[in-house]
Amino acid sequence: MLLAQITDTHLKTGGKLAYGKVDTATALSNSVAHLNALTPRPEAVIITGDLADMGRPEAYGLFCEIVSGLAMPYYVIPGNHDEIGAFCDAFRDHSYLPGDGHFQHYAIEDHAVRLVGLDTTVHGHPHGLLCSERLEWLDQTLAEFPEKSTLIFMHHPPFLTGIAHMDRQNCRNAQGLNEVIRRHTQVVRITCGHVHRPMQILWAGVCAGIAPGTSHSVALDLNLDGPPAFVLEPPACQLFYQTGDGNLVSHLSFIGDFEGPHPFFDDTGALID
Ligand SMILES: [Fe+2]
Ligand SMILES: [Fe+2]
């Protein structure tokens, strides 16, 4: 089983650049072409929020137009830049979504690993939250299939990253989530977006992490007074591959044209010196 994750597409329309610098529409088109060209091809893509930069309906229209080029199904959850009404309108034909303007949580049972999407958004605020209602839903949902390996995906990370301005807007009530996760040992991975940088951590006894963005990256600044800033590092998607022994391993796949692949060995089978 191979799954892909892209995140934080921050789509702009009409050729407008995000923050005056980033062509996020082209970046999303490049991501779609990249995912379709992977061999083997991922069987599905999870897209973890901040889909539209300012949550405008026309941005969701362009988003849907571009991702309709994906050769595999995709599952969306909202981020803090998304506007939940426009989000629900745009994905009305996505039957897995509640689509009611309330929390957009769901579970997908179609893959070797169960996928549980969590809505961490708080209307009008950049930070996330998993309140008691949301945690109760998660607790009950995880209790349905205690034997099936499960991957949880959400926009806001529940752990600190060391990037101070982003840590001020991470997922609140992390302790509550931590307690729920520890009750359900089939959870094998938690993957997030929001910080636009790849990272991993052992959290709640589970391998957790953040996928890189498809366009701009948050600057890697671990100083406590580091200002909010971004850099144009190579975009990437994250892959989750279930190996023959049933484990889930993650890879980053960089999006762009890179030299290679070049062989290690020459035609005689000797290591090239
Ligand atoms: Fe973002
Ligand atoms: Fe975000």
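Start at 1 and go down the list; that is how both ligands and their atoms are numbered.
In this structure, His196 has its ring center at least 6.0 angstrom away from the ring center of Phe230. When ring centroids are compared, His34 and Phe254 stay outside the 6.0 Å threshold.
A donor atom on one side chain and an acceptor atom on the other are found under 3.5 Å apart for Thr191 and Gln5. No donor-acceptor contact under 3.5 angstrom links the side chains of Thr150 and His184, judged on distance only.
Around the Fe ion (ligand 2), the protein N, O or S atoms found under 2.8 Å comprise Asp50 OD2, Asn80 OD1, His155 NE2, His194 ND1.
Within a 6.0 Å radius of CD in Glu144, other residues, nucleotides and ligands contribute more than 12 heavy atoms.
The atom name of the N/O/S atom in His196 closest to the Fe ion (ligand 1) is NE2.
A salt bridge links Arg114 to Glu109: one of the charged nitrogens lies within less than 4.0 Å of a carboxylate oxygen.
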